[in-house]
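Data first, discussion second: the structure below is written as structure tokens.
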Amino acid sequence: MIKRVVFLFSLIFLIALPVQSQIKHVVAKGETVFQIAKKYEITPFDIYRLNPDAKNGVQENTTLLIPKGTGSKTITHVVEPKETLFGIAKKYNVTVADIESWNKVALQNGLKIGQQIFVSKPTAAELNLASTIVAKPKVNTNATTHIVEAKETKYGIATRYGLTVTELEQLNPQIIGGLNAGETLILKLGVVSKKVSSVTLVNYEVQPKETMYSLSKKFDISQGELITLNPDLQDGVKIGMILKVPSNGTGTYVSKTKDSVLVAKSKTNLFATVDKSKQRSLVLLLPFNMNKIETDSLKTKTEQLKTNKFLNLTLDFYAGALMAIDSAKTLGLPVNVKVYDVESTKYSSNVASIISKNNFENVDVVVGPFQNSVVETTAQLLSKYNVPVISPLSKERGLPMNNLYYTVPSEDLLRTSMFNYFKFKNGNVVAVISTKKTTSKDFIIANYPEVKHAAFNDKGALDVASLKSQLVKGQKNFVLMDIEKASSILNITNILKGLQKEYDIQLAVFELYDALNFEEIPMKNLAELKMLFPSATKVASTPEEVQFEKEFKKINNIYPNAAAKKGFDVIFDAMLRICQPDGFVKSAETTRTEYIENAFDYGSSNGLISNNATYLLYYDSDLTIKQAQ
């Protein structure tokens with residue numbers, strides 16, 4: 001095992017911090033990073049670059065490295081498309097209030113692309129100069145403006161003023177990633193508010209698992225506006241319905257009789273369209289944290305392999321990635337792969353150092369790091385090169401960025417996929433939710449008011465008589481359970497098994513939470529109730545998938561776990577996409593793919609690009625897990 005780890009680590013490129021002129025500062029009692037930054041007229045960001053641990057706070061008598069020669073030089077930032085004050089403030093580790101205070105004149109008409117603003121405290125002279133020469137945005141004084149109100153959509157605003165969404169975005173590039181309430185939009189000369197839409201509409205055929213919510217997000221239109229265009233939606237969304245939608249919607253246009261019809265992305269084998277005419281570059285940023293273990297003894301390293309879950313997760317993911325890289329070589333994909341060790345904690349990393357010391361300008365895609373805060377920083381630093389950055393494992397979501405791709409579907413998407421299935425099966429849904437699971441209950445009430453809710457008696461036990469009154473004979477009954485106690489789960493599953501003699505019942509859960517794994521809950525209970533749950537991964541079943549597992553075991557002496565399969569799927573998909581004639585970004589917009597356990601169907605919602613591929617799985621009576629149809 002240790003030999004394998006040493007071999008893996010030998011492939012990592014370790015990067016040193018850049019050498020620069022520095023002075024030392026000994027932290028006084030009660031001093032903070034912000035106070036020290038102000039003392040030297042620099043930003044906290046400058047201190048964190050040279051002292052990553054300072055993000056966790058500073059202690060008295062700690063020595064900090066302070067960049068020398070920056071004392072009187074104010075830092076400025078040129079605003080890029082889609083940037084916000086919040087994003088800029090986060091980048092330089094200052095507050096939004098600071099930026100607004102330092103740029104009162106420049107920001108009086110809002111943040112504008114190409115604008116130069118102060119991101120560290122300017123001198124009095126610089127402030128005076130800025131107030132006299134600040135460039136005013138090039139706005140035609142005769143143009144009409146619109147202030148965005150809460151819950152407004154681009155489609156609704158465009159329709160109101162007789163524009164297309166594309167025209168509205170061309171006039172206001174900052175809204176491409178999404179609208180912000182309170183911002184002022186520039187409109188065409190002479191337009192007037194109108195109720196009749198001049199936006200081009202096309203026909204769209206509703207696909208399986210789609211809901212009113214997902215359709216409104218896909219076409220950037222409110223649910224009310226969608227119903228106005230399609231009155232039949234008042235009776236619910238049905239597969240195969242032909243809807244009128246704005247022509248700016250995402251998806252693939254195909255010809256169908258005289259109309260253009262939007263269809264869902266079809267699964268595609270990208271290898272058939274690979275372009276091998278030029279070399280591509282992929283970078284892997286993995287948190288091995290070599291600096292923490294390189295001086296350890298052999299005994300300590302062995303102990304870490306047994307106990308350090310994060311290290312094992314990294315090694316498993318990397319093992320799968322190595323198989324993907326090897327497969328790409330076998331297929332002749334012209335991809336050069338580099339791997340860097342990201343030394344990261346919850347609050348700091350060496351990502352900035354890695355990027356500053358290496359040329360990322362011509363990199364086609366970056367995969368990693370794992371932690372959301374670190375992958376966000378990576379995407380921000382590489383946005384100037386338009387390099388796609390893939391977040392391979394994090395479930396968290398942060399700032400919307402047009403170069404950051406999340407491979408893990410959101411929790412809301414997983415839940416929504418299950419409710420779409422309930423509707424597809426014309427099911428009667430009864431929720432059995434613990435009083436402590438307020439988040440689950442609130443989600444159901446807010447989004448699915450038609451769902452019935454089972455009652456509990458004074459002792460906290462399920463009221464069986466009440467439950468029976470909510471079940472329907474001759475119809476599929478989905479009982480959605482979210483209970484934290486194993487004893488309660490055992491009691492409820494036994495009750496449901498008994499009721500199966502009278503009713504068609506299938507158990508459902510939001511996720512495979514820990515309480516379901518207690519020994520006192522027989523697996524046969526869950527299997528007899530065909531317990532259904534949404535999942536980001538499927539069960540490997542094809543000959544190719546089984547063969548992968550055998551090859552992995554042959555190389556690593558162990559069968560691949562979920563992290564290893566994710567490592568293979570993410571890396572292999574990324575390599576195939578960058579080898580497409582139009583590159584990664586266009587491929588992600590148009591193509592759905594599927595591999596060992598994971599599918600990838602990227603889509604943008606409110607500026608966040610996430611994987612929308614989900615599966616519905618269930619425990620079958622033969623004690624296996626199968627995919628619901």
Side-chain angles (χ1 to χ4, degrees), residues 1 3-5 7-8 11 265-274 276 280 282 284 286 305 311-337 339 365 367-368 370 390-393 405 407-409 512 535-580 584 587-588 591-602 611 613-618 620 622-628:
M1 176 67 76
K3 287 183 179 179
R4 173 180 170 234
V5 175
F7 167 71
L8 295 181
L11 299 177
K265 295 178 190 174
S266 57
K267 188 170 70 175
T268 303
N269 178 6
L270 292 177
F271 183 69
T273 52
V274 161
K276 298 182 180 181
R280 272 75 166 199
L282 179 147
L284 254 173
L286 296 180
L305 283 172
L311 174 60
N312 276 278
L313 174 71
T314 304
L315 292 172
D316 290 333
F317 184 91
Y318 187 44
L322 287 176
M323 284 199 65
I325 294 168
D326 186 60
S327 298
K329 288 180 180 177
T330 302
L331 294 171
L333 299 184
V335 180
N336 177 43
V337 179
V339 185
V365 70
V367 179
F370 291 170
I390 298 174
S391 175
L393 297 178
Y405 294 76
T407 68
V408 180
L512 295 180
S535 174
T537 61
K538 65 184 179 68
V539 179
S541 58
T542 68
E544 293 80 10
E545 293 160 353
V546 173
Q547 183 61 31
F548 166 82
E549 293 181 338
K550 290 181 179 178
E551 287 296 319
F552 187 95
K553 185 176 187 302
K554 184 178 178 181
I555 296 171
N556 299 282
N557 292 320
I558 190 172
Y559 279 106
N561 59 14
K565 293 175 183 177
K566 190 66 178 283
F568 178 89
D569 290 350
V570 169
I571 301 303
F572 195 61
D573 182 66
M575 288 192 291
L576 283 173
R577 288 189 188 277
I578 64 177
C579 287
Q580 297 305 299
F584 180 93
S587 172
T591 309
R592 182 183 188 275
T593 55
E594 187 176 69
Y595 303 98
I596 307 303
E597 266 193 2
N598 300 269
F600 302 95
D601 183 5
Y602 293 108
N611 182 13
T614 62
Y615 298 94
L616 279 177
L617 308 178
Y618 69 95
D620 204 357
D622 61 0
L623 302 183
T624 62
I625 296 179
K626 292 185 173 65
Q627 187 170 332

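Predicted model only: the values in this text are computed from it and were never measured.
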Quiz item: From Glu551 CD over to Asn556 CG, what is the distance, rounded to the nearest 0.5 angstrom?
Solution: 11.0 Å
Self-check item: Test item: Leu331 and Leu576 side chains (from C-beta on) under 4.5 Å apart, heavy atoms
Solution: no
Exercise. Could you tell me the separation between the CD1 atom of Ile578 and the CG atom of Leu333, rounded to the nearest 0.5 Å?
Key: 8.5 Å
Quiz item: If you measure from CD on Gln580 to CG on Leu270, what distance do you get to the nearest 0.5 Å?
Solution: 4.5 Å
Self-check item: Test side chain to side chain contact (heavy atoms under 4.5 Å, CB included) applied to Lys553 - qualifying residues, sequence neighbours left out
Solution: Tyr559
Quiz item: At their closest point, which heavy atom of Val539 faces which heavy atom of Glu545, and how far apart are they?
Solution: O-OE1, 4.2 Å
Quiz item: With respect to Phe600, which candidate in Ile390, Thr591, Asp569 satisfies the side-chain contact (heavy atoms from CB on, under 4.5 Å) definition?
Solution: Asp569
Exercise. Return yes when atom NZ of Lys276 has more than 12 non-hydrogen atoms of other residues, nucleotides or ligands closer than 6.0 Å, and no otherwise.
Key: yes
Quiz item: Judged by modelled atom types alone, do Lys566 and Thr407 share a side-chain donor-acceptor pair under 3.5 Å?
Solution: yes
Practice problem: Quick one: pull up OG1 in Thr537 and CG in Leu617 and give me the separation to the nearest 0.5 Å. | Solution: 6.5 Å
Quiz item: Does the side-chain contact (heavy atoms from CB on, under 4.5 Å) test come out yes or no for Asn336 and Arg280, once each step is laid out?
Solution: CA-CA 6 Å; Asn336 177 43; Arg280 272 75 166 199; over 6 Å; no
Quiz item: For Ala563, does its backbone N or O pair with a side-chain atom of Asn561 as donor and acceptor, under 3.5 Å?
Solution: yes
Practice problem: Taking all non-hydrogen atoms of both residues into account, name the closest pair between Ala613 and Pro409 and its distance. | Solution: O-CG, 3.3 Å
Practice problem: For the pair Val365 and Tyr405, evaluate side-chain contact (heavy atoms from CB on, under 4.5 Å) and give the outcome as yes or no after the intermediate values. | Solution: CA-CA 10 Å; Val365 70; Tyr405 294 76; over 6 Å; no
Quiz item: Looking only at heavy atoms, what is the nearest atom pair of Val408 and Pro392, with distance?
Solution: CG2-O, 3.9 Å
Quiz item: Do the side chains of Phe572 and Ile596 get nearer than 4.5 Å, heavy atoms only?
Solution: no
Quiz item: Side chains of Asp620 and Ile625: closer than 4.5 Å at any heavy-atom pair?
Solution: no
Quiz item: Between Asp316 and Ala562, is there a donor-acceptor pair closer than 3.5 Å when you use the side chain of the first and the backbone of the second?
Solution: no
Exercise. Please step through side-chain contact (heavy atoms from CB on, under 4.5 Å) for the pair Asn611 and Asn598, ending with a clear verdict.
Key: CA-CA 10 Å; Asn611 182 13; Asn598 300 269; 5.9 Å; no
Quiz item: Less than 4.5 Å apart, any side-chain heavy atom of Glu549 and any of Lys565?
Solution: yes
Quiz item: With a cut-off of 6.0 Å (strictly less than), are more than 12 heavy atoms of other residues, nucleotides or ligands near CD1 of Ile555?
Solution: yes
Exercise. Would you mind reporting whether Leu284 and Phe317 have side-chain heavy atoms less than 4.5 Å apart?
Key: yes
Practice problem: Identify, with sequence neighbours excluded, every residue that meets ring pair (Phe, Tyr, Trp, His ring centres under 6.0 Å) alongside Phe548. | Solution: Phe568
Exercise. For Tyr615, check ring pair (Phe, Tyr, Trp, His ring centres under 6.0 Å) against everything at least two apart and list the hits.
Key: none
Quiz item: Are Arg577 and Asp573 ion-paired here, with the side-chain N under 4.0 Å from a carboxylate O?
Solution: yes
Practice problem: With rounding to the nearest 0.5 Å, note down the distance linking CG in Leu315 to CG in Leu286. | Solution: 9.5 Å
Quiz item: Any side-chain heavy atom of Tyr595 within less than 4.5 Å of one from Val570?
Solution: no
